[in-house]
Amino acid sequence: MLLSEQAYKKIDREIAKFPADQRQSAVMAALAIAQSELGWLPPEVMQELADYIGMPAIAVQEVATFYNMYNTKPVGKHKVTVCTNLPCALSGGVAAAEYLKKKLGIDYKETTADGQFTLQEGECMGACGDAPVLMVNNKRMCSHMSNDKLDALVEELKK
Amino acid sequence: MTCLHDRHINPLILAGLDGKNWHLADYVKRGGYESLRRILTEKIPPEQVIAELKASNLRGRGGAGFPTGLKWSFMPRQFPGQKYLVCNTDEGEPGTFKDRDIIRYNPHALIEGMAIGAYAMGITAGYNYIHGEIWAEYERFEEALEEARAEGFLGNNIMGSDFSFQLHAFHGYGAYICGEETALLESLEGKKGQPRFKPPFPASFGLYGKPTTINNTETFAAVPFILKMGGAAYAAIGKPNAGGTKIFSISGDVERPGNYEIPLGTPFSKLLELAGGMRGGKKIKAVIPGGSSAPVITGEVMMNLDMDYDSIAKAGSMLGSGAVIVMDETRCMVKSLLRLSYFYYEESCGQCTPCREGTGWLYRMVHRIEHGQGRPEDLDMLNSIADNIQGRTICALGDAAAMPVRGMIKNFREEFAYHIEHKHCLVPAYI
Ligand SMILES: NC(=O)C1=CN([C@@H]2O[C@H](COP(=O)(O)OP(=O)(O)OC[C@H]3O[C@@H](n4cnc5c(N)ncnc54)[C@H](O)[C@@H]3O)[C@@H](O)[C@H]2O)C=CC1
Ligand SMILES: Cc1cc2nc3c(=O)[nH]c(=O)nc-3n(C[C@H](O)[C@H](O)[C@H](O)COP(=O)(O)O)c2cc1C
Ligand code: SF4
Ligand code: FES
């Protein structure tokens, strides 16, 4: 088993939300739980989840590749996704992303040489009033990201 | 922080919130769960609940503005098998950020609204589909569900009645298209979020093929307030064809971006004033009044419009999800359109050729205009591509990609022409 017992406990809780014959409904949550634990989704874990849920591995793969927040390839320890869509761009979203590019020395979809950071361009996160906004590893949203706050965030994550 | 201020007008959903008082006990103190209790203890007939909603003129807050009472009356209440109630909290329309505030600062208004809907339509199970990017809010909503279950407002035999309703939260994972209701249902079934043909509408073929009613978060959250004050009183707050208050998310070049709950029909100029006016006192150039899919309107025209479905439609755009994106005189329209075209190109699910190929065409053409390689015939060609997408696709994402293009060319044609002719921008670009 690639995933911990704890992860499976969480997955069971998700499965219980749906009718007994609709376990597949929990596949998105299961993939998210697996990704939190492993950092990305290697094919073996997709197979393991397919067996556990009782669905074809190809169907798990389809889901994992359709949704933007799944990492189907390894990423840095901290995946930073900056929203650059128009409402955010009007309030400094693109500027924040450019600042991070320079600071980390990488472009979008790249990872720093030490494996610490991956930078991504994101679409609207439903938080445009707080621009610039970014997300760390899909879970932590950071708002009003001035250059000072970006510096502090990078320092904090490096530790 | 986006809705925690006192610059709303007649607020209902966002009234009295301070960021901390989201718990069940706080909501009850504000009069919460009274509507549900009254319905259950007085055994108010479901037909009467739906009649109140019809009287309220509440229209769907997810963007299409479909009358909610009418939608609820489509539900075959006597259908023998399972039926579902689904809430759409997948807000991903650029510029829209109101549903996030509802589920983090007033989640019980949504839970109560859904429970009332379930009662009215004879439904016993429901899901709330929450946008992937808002994890903290998803956890908050799970906590609110636990509170409601513990107090007997959700689950079996709610408040000792024979009405039962199980409600669960579902977390999306980053696909704009899953806001489209049938894509959302596919996603809830554990599949790729690719829209289904409509009809059949979810009302007859929904989740797991069962009759399903889907509404936006704000739509459900308004329901307890409507039943408390009565449909007619709610309708009276707004305009004849648009009852009640609406939450507008203002972003872009204003002093105080944020959520403002105001009566439908409030002048745009008033809304802009609530948002602190234009940032740095600059001149208003353009407004996208209803989320990125809505055609742009010039600042001049916008300053004389009221914020309701009919007024905005008359001006050639749509109220949509209530996301108001404001741009000042320094903004380049070509560059703005480029970012939006990229978005639709990225988010097309790829099922229909006109959308999959057309969004790519639109993006590449706007890209070449922005980068000084535009050709004189490009503007007409952009319109013709838009024509070939609009109305020819399975879902409205195709329309959503085409409409901004037309709107931009119609209202700012000279700026696009200047770009093509001079290979650079009419205004200095700051974005
Ligand atoms: N809030 C957001 O983030 C976004 C909102 N939108 C909005 O979505 C809108 C388009 O949404 P659609 O769902 O495609 O609109 P639609 O007009 O097809 O449907 C609106 C609602 O009414 C129901 N309905 C309509 N006719 C019906 C009938 N004859 N029988 C039973 N039910 C019926 C539909 O099931 C749906 O729930 C756009 O106008 C846009 O403003 C678009 C993108 C994002
Ligand atoms: C591409 C696309 C994206 C959509 N995204 C959302 C969304 O994020 N939230 C939402 O409530 N409705 C969205 N809608 C509209 C829904 O399909 C549906 O009309 C709505 O959820 C119904 O709820 P209402 O009647 O309460 O507005 C979207 C539609 C399209 C075509
Ligand atoms: S219009 Fe676009 S997003 Fe909608 S179903 Fe067709 S390809 Fe998919
Ligand atoms: S556009 Fe960036 S969060 Fe909405």
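Labels below follow one simple rule: chain letters A, B, ... track the order of the sequence lines, proteins then strands, and each chain is numbered from 1.
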Give the member of Asn85(A), Ile53(A), Val63(A) that has the highest number of heavy-atom pairs under 4.5 Å with chain B.
Asn85(A)
I need the residue from Gly122(A), Gly126(A), Ala95(A), Ala29(A) with the largest number of non-hydrogen atom pairs under 4.5 Å to chain B.
Gly126(A)
Does the side chain of [X] pick up a donor-acceptor pair with the side chain of [Y] at under 3.5 Å?
{"X": "Arg279(B)", "Y": "Ser91(A)", "result": "yes"}
{"X": "Tyr138(B)", "Y": "Thr89(B)", "result": "no"}
{"X": "Asp114(A)", "Y": "Thr112(A)", "result": "yes"}

[X] versus chain B, the contacting section by heavy-atom distance below 4.5 Å:
{"X": "Gln61(A)", "value": "neither"}
{"X": "Glu121(A)", "value": "side chain"}
{"X": "Ala32(A)", "value": "both"}
{"X": "Met125(A)", "value": "both"}
{"X": "Thr84(A)", "value": "both"}

One pair to check against ring pair (Phe, Tyr, Trp, His ring centres under 6.0 Å): Tyr67(A) and Tyr173(B). What are the steps and the verdict?
CA-CA 6 Å; Tyr67(A) 298 89; Tyr173(B) 231 57; 8.0 Å; no
Distance check, rounded to the nearest 0.5 Å: Ser143(A) atom OG versus Lys149(A) atom NZ?
6.5 Å
